[in-house]
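Structure record follows, encoded as C-alpha cells.
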Protein chains: 2
Amino acid sequence: MSVPGDAGAAGEARGPAPQVGTAGRILQAALASFAGRGYDSTSLDALAAGLDVRKQTILYWFPSKEALLEAVVDQCASELSTVLEASLHRAGDGWGKVEAVVRSVFRLAARRPEVLGLVRETGRLGPPASTRFLAALGPLVDGASAFLEAEMDAGHLRRHEPRLLLVAIYSTVIGMLTEVEVLRALGEEPTARSLVRRRRELLDLLRSALVASGPEGEP
Amino acid sequence: MSVPGDAGAAGEARGPAPQVGTAGRILQAALASFAGRGYDSTSLDALAAGLDVRKQTILYWFPSKEALLEAVVDQCASELSTVLEASLHRAGDGWGKVEAVVRSVFRLAARRPEVLGLVRETGRLGPPASTRFLAALGPLVDGASAFLEAEMDAGHLRRHEPRLLLVAIYSTVIGMLTEVEVLRALGEEPTARSLVRRRRELLDLLRSALVASGPEGEP
DNA sequence: CGAGCCATCTACCATATGGTAGACAGGCGC
DNA sequence: GCGCCTGTCTACCATATGGTAGATGGCTCG
C-alpha cells in the first residue's frame with residue numbers, strides 16, 4: 001500500500017518504489033520535464049497541469065520539489081547503472097568492452113532519451129543533484145578506470161590517463177546524444193536513423209583513438 | 001555617449017558596444033552568472049545585488065532579462081569567433097589546424113572560462129539563444145566542415161563524416177572544459193595544472209582518432 | 001543661472017512559485 | 001452502519017520575480 005510523501009528518507013516517495021500509479025506518473029513526467037526543459041524552468045503547477053492533477057497531489061507524494069528531483073536522479077542513476085553493469089559483464093577484452101558499453105548507452109538513449117537528458121542536467125545543476133548521481137555511479141566508474149588501466153598495461157589499448165579518458169568518453173557520448181541544437185545546426189535531426197549514424201561515427205572515432213594499430217594492437 | 005535600453009535592435013544595449021561603464025559591468029556579471037548558475041536560476045535582483053545597484057539600473061541598459069541574455073550570447077559568440085578565426089588563419093595542414101583550434105579554445109578557457117560555460121548553457125536553453133549563437137558561428141562551422149572533408153579527401157585525416165566529427169569534437173572539448181562536477185568526481189579540480197593535463201589528453205585522443213597511421217598519414 | 005538630459009533610484013504592480021492546512025469523497029474493516 | 005484511512009482537492013500564504021512609472025541628483029550647455 002503506497003504511502004504519501006512526508007518527513008523521512010530525503011528524496012524518496014514513501015513506501016515501495018513508485019513505478020505505478022500516480023507517484024509513478026509524477027516521476028515520469030518530472031523526468032521528462034527536468035531533462036527537456038530543465039529543473040529550474042519546470043514549475044510544480046506546470047507539471048501538475050500535464051498530469052491533469054493539482055500541485056498538491058505532487059506534494060502529497062513528494063514532500064518538496066527538491067525531493068522530487070532527488071527521486072528522479074535516483075531512478076536515472078539506477079537505470080543507467082543497470083545498463084552499464086549488464087554490458088560490462090558481457091564483453092571480454094579492451095575495445096570490445098568499451099564498444100559494448102557505448103552501444104548499450106545508445107540503446108538506452110533510443111528508448112529512454114530523457115534519462116541521458118537528465119544526466120546532462122545533473123552536471124549543470126551541481127550539488128547535491130550531481131553529487132548524488134555521481135555517488136551512485138561511483139563504483140562503476142572506479143571499476144571502469146581500473147579496467148582501462150589494466151588494458152593499457154596489457155597493450156590492448158593505447159596509453160591514456162584513464163580517468164581523463166572517462167571524462168572525454170562521457171562528454172562525447174552525452175554530447176552526441178543530447179546536444180540537440182548543435183546536431184540540428186549541423187543537419188542531424190534527432191531521428192532513429194541519425195542515432196545509428198552518430199553511434200557509428202562515435203565508435204569509429206573511439207576505436208581509432210583507443211586501439212593501437214601495428215603489431216601489438218592489430219584490429 | 002551611451003544610450004539606455006529601449007525598443008530597438010532586440011538584444012542590444014543602446015549605443016556603442018558597452019564594454020565599459022555600468023553596461024559593461026552588467027554584461028560581465030550576467031555572463032558569469034548565466035554561465036555558472038544558469039539563466040533561469042539568475043534573478044535580476046541577485047545580479048543587481050552583486051553589482052551594488054538596483055535591478056532598475058539593469059533594465060535601464062537592457063530592456064528585459066531576455067535582451068540581456070541576447071547581448072551576452074552575442075558577446076560570447078564574438079569572442080569565440082575571434083579566437084577561432086585567428087587560429088584557423090595561422091595553422092596550415094590537417095591535424096596542425098585542428099590542434100591549433102583546440103589549443104586556442106583552451107587558452108580562451110584559461111582566461112575566460114565563463115565564455116565556454118555560456119556556450120554550454122546556450123545548448124541547454126534551446127532557441128532562441130542557441131539559434132542566435134549557432135547562427136553567429138555558422139560560417140566558421142561551414143568552413144571547418146569543408147576543410148575537414150578536403151583533408152580527408154587528401155588522405156591527411158582519417159575518413160569520418162565531417163559534421164558529426166565536429167559535433168564530437170565540440171562535445172568533447174566543451175565537456176573537458178565545463179563538466180566541473182564530473183571532473184571533480186574523477187579527481188580533477190579546475191586548476192591551471194589540470195587544464196594543461198586535460199588539453200594534453202584531449203589532443204592525444206583526437207590525434208589518435210584523426211591522424212591515420214601508416215604510409216599515408218605518418219605523423 | 002536655468003533648463004534639459006542622463007543615470008540611478010523608490011514605489012509599486014501583476015503574476016508566478018513552492019508550500020501548508022484542512023475539506024471531502026471513496027473505500028475498507030469491524 | 002460507522003469510523004478511519006487514503007488520495008485528491010480548494011483555499012490560502014509568503015516570497016520571488018520581471019517589469020513600469022515617475023522622482024531625484026548631478027552634469028552640461030546656452
Side-chain angles (χ1 to χ4, degrees), chain A residues 1-8 10-30 33-34 37-72 125 128-129, chain B residues 1-8 10-30 33-34 37-72 125 128-129:
Chain A
M1 175 246 273
S2 299
V3 190
D6 208 343
E12 291 178 4
R14 299 286 292 270
Q19 298 307 321
V20 297
T22 306
R25 289 172 57 229
I26 292 170
L27 269 180
Q28 290 316 313
S33 191
F34 290 168
R37 292 175 51 83
Y39 175 73
D40 297 304
S41 311
T42 300
S43 68
L44 292 179
D45 271 318
L47 217 43
L51 290 161
D52 209 25
V53 297
R54 300 289 177 270
K55 68 182 168 183
Q56 284 68 50
T57 301
I58 297 177
L59 291 167
Y60 174 79
W61 290 98
F62 301 91
S64 66
K65 186 183 180 187
E66 187 171 351
L68 178 56
L69 173 64
E70 288 177 1
V72 167
L125 287 170
Chain B
M1 173 246 275
S2 299
V3 190
D6 208 343
E12 291 180 4
R14 300 285 293 270
Q19 298 306 322
V20 296
T22 305
R25 288 172 58 226
I26 292 171
L27 268 180
Q28 291 314 314
S33 191
F34 290 168
R37 294 176 49 84
Y39 174 73
D40 297 302
S41 309
T42 300
S43 69
L44 293 179
D45 271 318
L47 217 45
L51 290 160
D52 211 23
V53 297
R54 299 291 177 268
K55 68 181 167 184
Q56 285 68 51
T57 301
I58 297 177
L59 291 167
Y60 172 80
W61 290 98
F62 301 90
S64 66
K65 185 183 181 187
E66 187 171 352
L68 178 58
L69 173 63
E70 289 177 1
V72 167
L125 288 169

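Numbered from 1 within each chain, the chains take letters A, B, ... in sequence-line order.
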Measure across A/A23 and A/W61 and return the closest heavy-atom pair with its distance rounded to 0.1 Å. CB-CE3, 3.6 Å

Say you draw a straight line from CD1 of B/I58 to CG of B/L27; how long is it, rounded to the nearest 0.5 Å? 10.5 Å

Considering non-hydrogen atoms only, spot the tightest contact between A/L69 and A/A129 and give its length. CD2-CB, 4.0 Å

How many Å lie between CD1 on A/I58 and C1' on C/dT20, as a whole number? 16 Å

Tell me, for nucleotides 12-17 of chain D in 5' to 3' order, what letter each nucleotide earns: B for a base near a protein heavy atom under 4.0 Å, S for only sugar-phosphate near one, - for neither? -----S

Can you sort out the partners of A/S41 under side-chain hydrogen bond (donor to acceptor under 3.5 Å, both in side chains), two or more places apart, ordered by chain and number? B/D40

At their closest point, which heavy atom of A/K65 faces which heavy atom of A/Y39, and how far apart are they? NZ-O, 3.1 Å

So, is B/T22 near the phosphate of C/dA7, with a side-chain N or O under 4.0 Å from OP1 or OP2? no

Atom-pair distance (OH on B/Y60; P on D/dG19), nearest Å: 18 Å

Residue pairs, two or more places apart or on separate chains, that pass salt bridge (Lys or Arg N to Asp or Glu O under 4.0 Å) and touch residues 42-62 of chain B: B/D45-B/K55

Output the single nucleotide from D/dC9, C/dC6, D/dG7 whose closest atom is nearest the side chain of A/R54. D/dC9

Find the distance B/I26:CD1 to C/dA7:P and express it as a whole number of Å. 11 Å

Without decimals, in angstroms, what is the distance between B/R25 CZ and C/dT8 C1'? 12 Å

Nearest-0.5 Å distance that lies between atom CD1 in B/I26 and atom OH in B/Y60: 10.5 Å

Between C/dG19 (P) and A/L68 (CG): distance, integer Å: 10 Å

Residue set satisfying side-chain contact (heavy atoms from CB on, under 4.5 Å) with B/T42, at least two apart, ordered chain then number -> B/S33, B/F34, B/R37, B/L47

Using C1' atoms of five pairs at each end, report the bend of the helix from C/dC1-D/dG30 to C/dC30-D/dG1 rounded to 10 degrees. 10°

Could you tell me the separation between the CG atom of A/L59 and the P atom of C/dT20, rounded to a whole number of Å? 7 Å

Quick check for you: to the nearest 0.5 Å, what is the distance between A/F62 atom CZ and A/E70 atom CD? 11.5 Å

OP1 or OP2 of D/dT6 sitting under 4.0 Å from any side-chain N/O of A/W61? no

